[in-house]
Participant: 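Below is one structure. I have some questions about it.
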Amino acid sequence: MNYILFGPPGAGKGTQAKKIVEKFSIVHLSTGDMFREAKKSDKTISALMESGKLISDEIVVDMVRKRLQKDDVKKGFLLDGFPRTLNQAQALDAMLKAENIKLDAVFFIDIAHEDAVKRIAGRRVCSCGASYHIHFLAPKNADKCDLCNSQLIQRADDKEETVKERLKVYDAQTKPLIEYYKKSGIMVDIDGARDEKEVFEQIAAKIEA
Ligand code: ADP
Ligand code: AMP
């Protein structure tokens, strides 16, 4: 069971990834989470992320290659936020071929840019990894995490100007992957505009089929 979750920023990849890995007992590989950890000690990564730009293919591919060599991915994995460029997709294919690993599906969760902006504007996250939305997925107590009661914060790259840049970067560099994965025959279109439960049902039904 090896999958990719793909789609614009704010589409709901992280939200769905948490539910999928729990239900199907596979490993969540989020390059965004890996870089949020790395940026604590790396100013270059921090600056790129906060301006809404991508980290270089070389760094990302190297990081994912090392991660895919760990034993836990043998039980299955869900890539979230990777690949994001054609170079990354081609490098991933080569990596998987070399390791004799098969991808079962690429779930393309799509939403309109205006919805992405609304979702990102209301996103609040906790240092424990939990994520909320002030209207669509509100915590029980405003600004406090349901799981650990810590103060929720807004991601540094969720500021309006940065979000505009991230959507531009998505259109220019990541959108071409739609054609790439369509050709591979394993892409599954998911309507990300539905509510969180319905989106999950669409994905789970495909995995179970
Ligand atoms: P991504 O990982 O694709 O950037 P997230 O999963 O972090 O997106 O979701 C972005 C924001 O939208 C979060 O605040 C999340 O709570 C909210 N969200 C996720 N899925 C839905 C949905 N189906 N309907 C409404 N809001 C959603
Ligand atoms: P995400 O959490 O997926 O929205 O990613 C947050 C940020 O991390 C992105 O805006 C990029 O700066 C960086 N990042 C995450 N994944 C990648 C990737 N595959 N390639 C390049 N940069 C990435």
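Any value given below was found using the heavy atoms of this structure, including those in side chains, with hydrogens, waters and symmetry copies removed. In listed order, ligands and their atoms are each counted from 1.
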Participant: Check whether any N or O atom of Val199, backbone or side chain, sits under 3.5 Å from an N or O atom of ligand 1, and answer yes or no.
Facilitator: no

Participant: Counting non-hydrogen protein atoms only, what is the nearest one to atom 24 (N) of ligand 1? Give residue, atom name and distance.
Facilitator: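 Minimum-distance protein heavy atom for atom 24 (N) of ligand 1 reads Arg119 NH2, 3.3 Å.
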
Participant: Take atom CD of Glu208 as the centre, draw a 6.0 Å sphere, and report whether it contains more than 12 heavy atoms from other residues, nucleotides or ligands.
Facilitator: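 Correct, the count exceeds 12.
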
Participant: Considering distance alone, does some N or O of Phe136 sit under 3.5 Å from an N or O of ligand 1?
Facilitator: no

Participant: Checking His113 against Asp171 for the side-chain hydrogen bond (donor to acceptor under 3.5 Å, both in side chains) test, could you report, in this order, the C-alpha distance in whole Å, the side-chain angles of both residues, the deciding distance, and whether it holds?
Facilitator: CA-CA 10 Å; His113 279 12; Asp171 283 342; 3.0 Å; yes

Participant: Under a 4.0 angstrom heavy-atom cut-off, which atoms of ligand 1 come close to Lys13?
Facilitator: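 Those atoms are 1 (P), 2 (O), 3 (O), 4 (O), 6 (O), 8 (O).
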
Participant: Who passes side chain to side chain contact (heavy atoms under 4.5 Å, CB included) against Val188, sequence neighbours left out?
Facilitator: Ala105, Phe107, Ile190, Lys206

Participant: Are Ile20 and Phe200 side-chain neighbours, meaning at least one heavy-atom pair lies under 4.5 Å?
Facilitator: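 Side-chain contact under 4.5 Å: yes.
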
Participant: Let's go through Arg194 and Glu201 carefully: what are the C-alpha distance in whole Å and the side-chain angles of both, what is the deciding distance for salt bridge (Lys or Arg N to Asp or Glu O under 4.0 Å) to 0.1 Å, and is it a yes or a no?
Facilitator: CA-CA 10 Å; Arg194 309 246 195 107; Glu201 280 163 8; over 6 Å; no

Participant: Quick one, Lys102 and Leu96 - any side-chain contact, counting heavy atoms below 4.5 Å?
Facilitator: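 Not touching, per the 4.5 Å side-chain cut-off.
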
Participant: Examine Arg123 against ligand 1 and note whether any of their N/O atoms are separated by less than 3.5 Å.
Facilitator: yes

Participant: So if I only count non-hydrogen atoms and take anything under 4.0 Å from ligand 2, which residues does that give, chain by chain?
Facilitator: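 Only Thr31, Gly32, Phe35, Arg36, Met49, Lys53, Leu54, Ile55, Val60, Gly81, Phe82, Arg84, Gln88, Arg155, Asp157, Arg166 have heavy atoms that fall under 4.0 Å of ligand 2, ordered by chain and number.
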
Participant: Classify the ring geometry between Phe108 and Phe6 as parallel (under 30°), tilted (30 to 60°) or perpendicular (over 60°).
Facilitator: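 Geometry flag for Phe6 against Phe108: tilted rings.
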
Participant: List the atom pairs, donor and acceptor, that lie under 3.5 Å between side-chain atoms in residues 133-140 and the rest of the protein, sequence neighbours left out.
Facilitator:
unit_1 : atom_1 : unit_2 : atom_2 : d
His133 : ND1    : His135 : N      : 3.0
His133 : ND1    : Phe136 : N      : 3.0
His133 : NE2    : Lys118 : O      : 3.2
His133 : NE2    : Arg119 : O      : 3.4

Participant: Hey, are the side chains of Phe35 and Ile59 touching, using non-hydrogen atoms and a 4.5 Å cut-off?
Facilitator: yes

Participant: Could you find the nearest protein heavy atom to atom 8 (O) of ligand 1 and give me its residue, atom name and distance?
Facilitator: Gly12 N, 3.2 Å

Participant: Please report which non-hydrogen protein atom sits nearest to atom 2 (O) of ligand 1, along with the residue it belongs to and the distance in Å to one decimal place.
Facilitator: Gly14 N, 2.9 Å

Participant: With Lys70 as reference, evaluate Arg67, Lys66, Lys74 under the side chain to side chain contact (heavy atoms under 4.5 Å, CB included) test and give the passing residue.
Facilitator: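 Exactly one candidate clears the test, Arg67.
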
Participant: Return the closest protein heavy atom for atom 4 (O) of ligand 1 as residue, atom name and distance.
Facilitator: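 Of every protein heavy atom, Gly10 N, 2.8 Å lies nearest to atom 4 (O) of ligand 1.
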
Participant: Consider every N or O of Tyr132 and every N or O of ligand 1, then say whether any pair is closer than 3.5 Å.
Facilitator: yes

Participant: Would you mind reporting whether Lys75 and Met1 have side-chain heavy atoms less than 4.5 Å apart?
Facilitator: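 Answer no - side chains too far apart.
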
Participant: May I ask you to identify the nearest protein heavy atom to atom 23 (N) of ligand 1, giving residue, atom name and distance to one decimal place in Å?
Facilitator: Arg194 O, 2.8 Å

Participant: Does only the side chain of Asp195 get under 4.0 Å from ligand 1, or the backbone, or both, or neither? Count heavy atoms.
Facilitator: backbone

Participant: Enumerate, atom names and distances included, each donor-acceptor pair closer than 3.5 Å involving a side-chain atom of residues 40-52, sequence neighbours excluded.
Facilitator:
unit_1 : atom_1 : unit_2 : atom_2 : d
Lys40  : NZ     : Glu37  : OE1    : 2.9
Ser41  : OG     : Ala38  : O      : 3.4
Asp42  : OD1    : Thr44  : N      : 3.0
Asp42  : OD1    : Ile45  : N      : 3.1
Glu50  : OE2    : Lys39  : NZ     : 3.2
Ser51  : OG     : Ala47  : O      : 3.2
Ser51  : OG     : Leu48  : O      : 3.0

Participant: Do other residues, nucleotides or ligands put more than 12 heavy atoms under 6.0 Å from Glu58 CD?
Facilitator: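 Not buried by this count: 12 neighbours or fewer within 6.0 Å.
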
Participant: Can you name the atoms of ligand 1, numbered from 1 with element, that are less than 4.0 Å from a heavy atom of Glu196?
Facilitator: 22 (C), 23 (N)

Participant: What atoms of ligand 1 come closer than 4.0 angstrom to any heavy atom of Thr15?
Facilitator: 5 (P), 6 (O), 9 (O), 15 (C), 19 (C)

Participant: With respect to Ala11, determine whether any N or O atom, backbone or side chain, lies less than 3.5 Å from an N or O atom of ligand 1.
Facilitator: yes

